[in-house]
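Computed from a prediction, not measured in an experiment: that's the story for all the values here. In what follows, every chain begins at residue 1, and chains take the letters A, B, ... in the order their sequences are listed.
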Amino acid sequence: MVWNVNLPDAEWHSPRAPLALQGTPAGSSWRFDIEPLVREIADHDLIALDTETTGLNIVKDTPLYWSMSWTMNSGKERRVCMPSDTLPYFSSIFKDANKRWVLANAKYDMHILANVGILLAGECCDSQVMHALLYEEQSHKLKDMAKEVLGWKWTDFKDTFGILKDKSIQESLVWMEHNNLDKLVEYASNDAYGTLKIYHTLKKELEEAITYSAYPNEFRSMADIFFKTEMPYTKVLWKCERHGIKINADYLASISGPAQAEIEQLEREITHAAGRPLNVNSTPQLRQLFITELQLKPLTYTNGGKSGIKQPSVDADFFDHYKNEVPLAKLVLQYRELTKLKGTYIDGLSRQMDPFHRIHTRFNQDVARTGRLSSSEPNLQNIPTAENDKFKLRGAFIPCDDKHELIVIDYEALEMRLLASATVGTHGNPEGAKDMIQIFLDKKDIHMGNAALMMGKRFGVTYEEIVAAKKMDKYVKEGKEPKERLTDRMIQCLKWRAQVKNIAFGLNYGMRENKLARDLGIEKSEAAALMEAYMDMHPAVRAFFQEAVEETEKTGFSYTFIGRRRFHPEIHSKRDMERFEAQRKAVNNNIQGTAADVVRFAMLNIDAESLDYHYGCKMLLQVHDELVFECPKETVAAVKPIIRERMEHPFYTDMAVPLTVAMGTGESWLNAK
DNA sequence: CACTCAAGCGCG
DNA sequence: AAAGCGCGCTTGAGTG
């Protein structure tokens with residue numbers, strides 16, 4: 001219930017008599033007139049829509065009531081609520097491709113409607129995504145947006161219907177229709193009405209949010225970013241969610257028992273080694289044992305959270321450090337690794353399968369501040385990679401049947417390529433980081449190339465020598481070669497590569513010598529010298545980082561390549577910590593955000609190819625720089641070059657460094673790499 | 001019992 | 001003096 005705003009009448013339209021005939025109180029009216037409503041709606045192409053549902057599950061829940069809001073030609077605003085059995089009357093409206101639907105958390109309602117056979121042919125405009133582009137630090141939930149954007153004071157679902165604690169969402173809603181129809185209609189119709197009001201306000205604000213883009217004609221304001229990239233993206237992502245990915249349920253079931261047995265065995269060993277039962281999942285218990293009783297010196301301290309009380313960390317680094325002198329430390333590491341795999345992935349994924357053993361993640365467009373997606377319920381963007389997973393869980397992600405394969409495509413060193421491209425033009429230097437760009441043009445591994453450049457003069461090491469070392473390392477790991485063949489010099493080469501890689505990534509995140517020294521186990525001065533050497537090797541990289549900070553100081557924002565912007569109010573903070581943090585975020589947003597733009601454009605490009613229609617090929621997953629498709633075996637060969645082309649040329653023009661992808665196909669996510 | 005927070009850890 | 005970006009899930013522990 002909104003109580004500080006004048007609202008249009010809340011209308012209840014139903015083909016059947018109200019369940020509660022004890023009168024419809026003032027402010028709402030009950031009519032049997034659905035057909036006139038359909039004719040009225042047909043004339044309008046901007047409609048807000050919202051559903052009240054049986055629950056929050058996108059696979060199985062369905063609409064109970066639904067609401068629409070629009071503005072009549074006369075200027076009169078309408079907000080109507082209906083029971084879900086009116087939905088079929090509006091099928092011609094839903095099939096109208098010229099409509100623009102406005103929804104808060106659009107993909108959710110699109111799933112709920114699809115669960116009763118309704119697809120929205122028109123544009124789907126998510127007001128939460130609009131809000132996220134302008135107010136990335138705020139909540140984008142409908143009620144919170146209404147408060148911030150419109151100044152509405154609005155009782156949320158829980159407070160409106162929460163009087164029935166022991167009842168489900170469905171029971172609460174139906175109870176309300178029986179006992180207080182007016183309250184139901186008022187609440188539900190307002191979800192749509194508020195969404196429409198927010199749309200109009202945010203559209204204007206997006207248009208006024210001028211940005212800097214490499215394509216100023218295409219992207220002048222954040223409204224261009226939203227309507228040209230984010231709004232169509234919503235539908236693409238909805239299709240990925242809707243299709244889901246098949247899980248080999250038998251495989252998950254088959255490893256659950258053995259994993260549990262291993263955990264229990266470890267528990268017994270830990271009890272024996274500790275001399276008493278110990279809950280390894282309890283951080284305080286671990287601190288008590290390892291810090292207080294065994295008197296081990298802490299390596300780092302926790303953040304302390306709200307209270308600010310910093311405690312010794314008992315994380316993986318800590319136990320790794322002491323694993324040789326304290327056998328129990330090694331057991332704790334093994335226990336943590338196993339329980340993580342079992343709890344989060346084996347059991348977690350098993351819980352999330354639909355009846356056909358498919359998992360439908362949610363790709364959230366309004367969470368990551370950089371423009372990346374996030375994935376939840378379950379998160380499919382943090383499934384362990386093969387090297388860290390003895391159960392090989394990616395092998396459990398499979399195509400729908402044996403006539404299909406998975407296609408897995410990764411961008412190669414995407415962020416490094418974007419960084420190299422972005423150095424062109426910094427400080428008026430048209431060549432940019434030309435040595436780094438050359439490594440890419442020569443189709444070399446960037447970290448080996450950098451290592452050879454940096455260590456070459458001092459240690460006489462060549463690119464080819466590092467390649468050979470990496471190759472030998474791989475063979476030794478695969479058991480193809482005895483480990484004696486990996487010479488000390490080769491190990492040194494690998495170390496150099498790892499160091500340079502650490503520096504390169506670290507710089508993208510704003511890392512300082514303290515952290516590098518800790519990571520590499522070297523002196524702070526040595527770490528500082530390494531970072532300086534790296535920057536001296538690529539002066540344009542240093543210039544790029546400087547310019548990124550300067551631009552943010554000047555405008556308050558950082559900007560991706562296409563002009564997606566992020567606000568950094570702390571860039572002028574007097575407190576060093578805050579200011580440095582803003583600088584790190586600004587620098588990183590350029591790179592991570594541009595990478596997110598690349599992948600978003602690639603997915604839009606691929607969607608426009610209608611691969612499903614032409615080849616039966618469906619896009620399923622995005623993992624930041626990786627896409628997963630499910631494709632009939634006989635069309636794989638035709639589809640692959642299309643995907644490659646669309647991914648390697650995402651924008652209107654190419655950048656200084658070409659983008660490349662690595663493709664693989666197979667019977668699972670594991671062996672398609 | 002339901003909720004929140006902190007710590008830890010999986011991914012890019 | 002301090003300083004690695006971006007996410008989501010599980011657990012234990014504390015609170016209402």
Side-chain angles (χ1 to χ4, degrees), chain A residues 136 158 162 165-166 279-287 300-319 332-333 335-349 351-352 361-364 366-389 393-394 410-411 413-416 502-519 524 531 558 566 570 575-593 595-596 599 621-626:
Chain A
E136 56 264 50
K158 211 166 132 273
K165 264 172 92 178
D166 54 329
N279 185 351
V280 186
N281 289 320
S282 166
T283 308
Q285 282 191 41
L286 289 178
R287 245 179 232 130
T300 53
Y301 288 81
T302 65
N303 278 330
K306 239 180 184 173
S307 68
I309 302 167
K310 291 186 190 289
Q311 307 258 37
S313 285
V314 283
D315 56 13
D317 275 352
F318 175 83
F319 292 112
V332 169
L333 286 172
Y335 179 89
R336 283 226 177 115
E337 192 183 321
L338 268 175
T339 51
K340 176 94 179 180
L341 289 170
K342 173 84 167 37
T344 303
Y345 300 108
I346 301 176
D347 296 346
L349 291 176
R351 276 197 300 272
Q352 301 274 1
T361 186
R362 302 180 67 165
F363 286 115
N364 310 300
D366 56 1
V367 175
R369 273 59 160 181
T370 53
R372 270 190 177 185
L373 298 176
S374 84
S375 160
S376 60
E377 299 171 76
N379 182 355
L380 294 188
Q381 291 180 324
N382 74 342
I383 304 300
T385 53
E387 55 269 29
N388 302 316
D389 175 10
L393 281 158
R394 288 193 182 210
D410 272 279
Y411 278 102
L414 177 57
E415 295 196 355
M416 290 303 296
N502 203 323
I503 294 168
F505 277 128
L507 282 173
N508 291 355
Y509 303 147
M511 181 180 64
R512 300 286 287 234
E513 59 267 22
N514 258 338
K515 169 83 168 127
L516 184 67
R518 226 181 313 131
D519 272 13
K524 222 164 84 173
M531 291 173 72
S558 61
R566 176 177 174 186
E570 315 299 341
R575 298 169 61 164
D576 289 352
M577 281 275 276
E578 278 179 5
R579 197 171 65 254
F580 293 147
E581 189 182 344
Q583 291 173 359
R584 290 197 301 274
K585 286 176 175 172
V587 164
N588 180 252
N589 189 60
N590 280 322
I591 303 168
Q592 188 184 119
V599 179
L621 299 181
Q622 187 251 46
V623 190
H624 309 304
D625 62 356
E626 169 181 357

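- Backbone-only contact: A:Ser375 has heavy atoms under 4.0 Å from sugar-phosphate atoms and none from a base.
- A donor and an acceptor atom, one from each side chain of A:Thr361 and A:Asn379, are nowhere located under 3.5 Å apart.
- Among the nucleotides C:dG6, B:dG10, B:dG8, the one closest to any side-chain atom of A:Pro384 is B:dG10.
- Contact check, A:Ser282 against C:dA13: a side-chain N or O comes under 4.0 Å of OP1 or OP2.
- Among the heavy atoms of the strands lying under 4.0 Å from A:Lys585 are primed sugar atoms or P, OP1, OP2 only; no base atom is included.
- Comparing B:dC9, C:dG12, C:dC5 by their nearest atom to the side chain of A:Lys340 picks out B:dC9.
- One side chain, A:Gln592 or A:Thr370, offers a donor N or O that lies under 3.5 Å from an acceptor on the other.
- Contact annotation for A:Ala316: backbone-only contact, meaning every heavy-atom pair under 4.0 Å involves sugar-phosphate atoms and none involves a base.
- Summarising the base pairing, C:dG14 is matched to B:dC3 through a Watson-Crick or G-U wobble pair whose two defining distances lie under 3.5 Å.
- Contact annotation: A:Arg362 does not reach the phosphate of C:dG8 (side-chain N/O to OP1 or OP2, under 4.0 Å).
- At a cut-off of 3.5 angstrom, the base of B:dC11 holds no donor-acceptor pair with the side chain of A:Gln381.
- Checking A:Asn590 against A:Ser558 by side-chain atom types alone, no donor-acceptor pair falls below 3.5 Å.
- Shown here, C:dA3 forms no base pair; nothing in the strands shown gives a Watson-Crick or G-U wobble contact with both key distances under 3.5 Å.
- A close approach under 4.0 Å does occur between a side-chain nitrogen or oxygen of A:Arg584 and OP1 or OP2 of C:dC5.
- Within 4.0 Å of A:Val587, counting heavy atoms only, lies no atom of the nucleic acid at all.
- Not one side-chain nitrogen or oxygen of A:Thr283 sits closer than 4.0 Å to the OP1 or OP2 atom of C:dG12.
- Base engagement by A:Asp519 is indicated by at least one non-hydrogen atom pair under 4.0 Å involving a base atom.
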Q | Trace of the side-chain contact (heavy atoms from CB on, under 4.5 Å) decision for A:Gln622 with A:Val599 | A | CA-CA 9 Å; A:Gln622 187 251 46; A:Val599 179; 3.5 Å; yes
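- Here A:Thr385 reaches the OP1 or OP2 of B:dC11: one of its side-chain N or O atoms lies under 4.0 Å away.
- A:Asn589 comes within 4.0 angstrom of no nucleic acid atom, judged by non-hydrogen atoms across all strands.
- The phosphate of B:dG8 (OP1 or OP2) has no side-chain N or O of A:Arg336 nearer than 4.0 angstrom.
- Contact annotation: A:Asn303 does not reach the phosphate of B:dA6 (side-chain N/O to OP1 or OP2, under 4.0 Å).
- Across all strands shown, A:Arg575 has no heavy atoms under 4.0 Å from either base or sugar-phosphate atoms.
- Among the protein residues, A:Glu626 comes within range of no part of the nucleic acid, since none of its heavy atoms lies under 4.0 Å from any strand.
- Distances shorter than 4.0 Å separate some side-chain N or O of A:Ser374 from OP1 or OP2 on C:dG8.
- In terms of phosphate contacts, A:Arg372 brings no side-chain nitrogen or oxygen within less than 4.0 Å of OP1 or OP2 of C:dC5.
- Among the heavy atoms of the strands, none lies under 4.0 Å from A:Leu373.
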**Q.** Worked check of side-chain hydrogen bond (donor to acceptor under 3.5 Å, both in side chains) between A:Asn364 and A:Ser376
**A.** CA-CA 8 Å; A:Asn364 310 300; A:Ser376 60; 3.0 Å; yes
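- At a threshold of 4.0 angstrom between heavy atoms, the contacts of A:Arg579 with the nucleic acid are absent.
- Residue contacts for A:Gly305: at a heavy-atom cut-off of 4.0 Å it reaches the sugar-phosphate backbone alone, with no base atom in range.
- Taking side-chain N and O atoms only, A:Arg287 has no distance below 4.0 Å to OP1 or OP2 of B:dA6.
- Side-chain to base pairing of A:Asn379 with C:dG8: no donor and acceptor N or O lie closer than 3.5 Å to each other.
- A donor-acceptor pair under 3.5 Å links the side-chain atoms of A:Ser375 to the main chain of A:Leu380, judged by distance alone.
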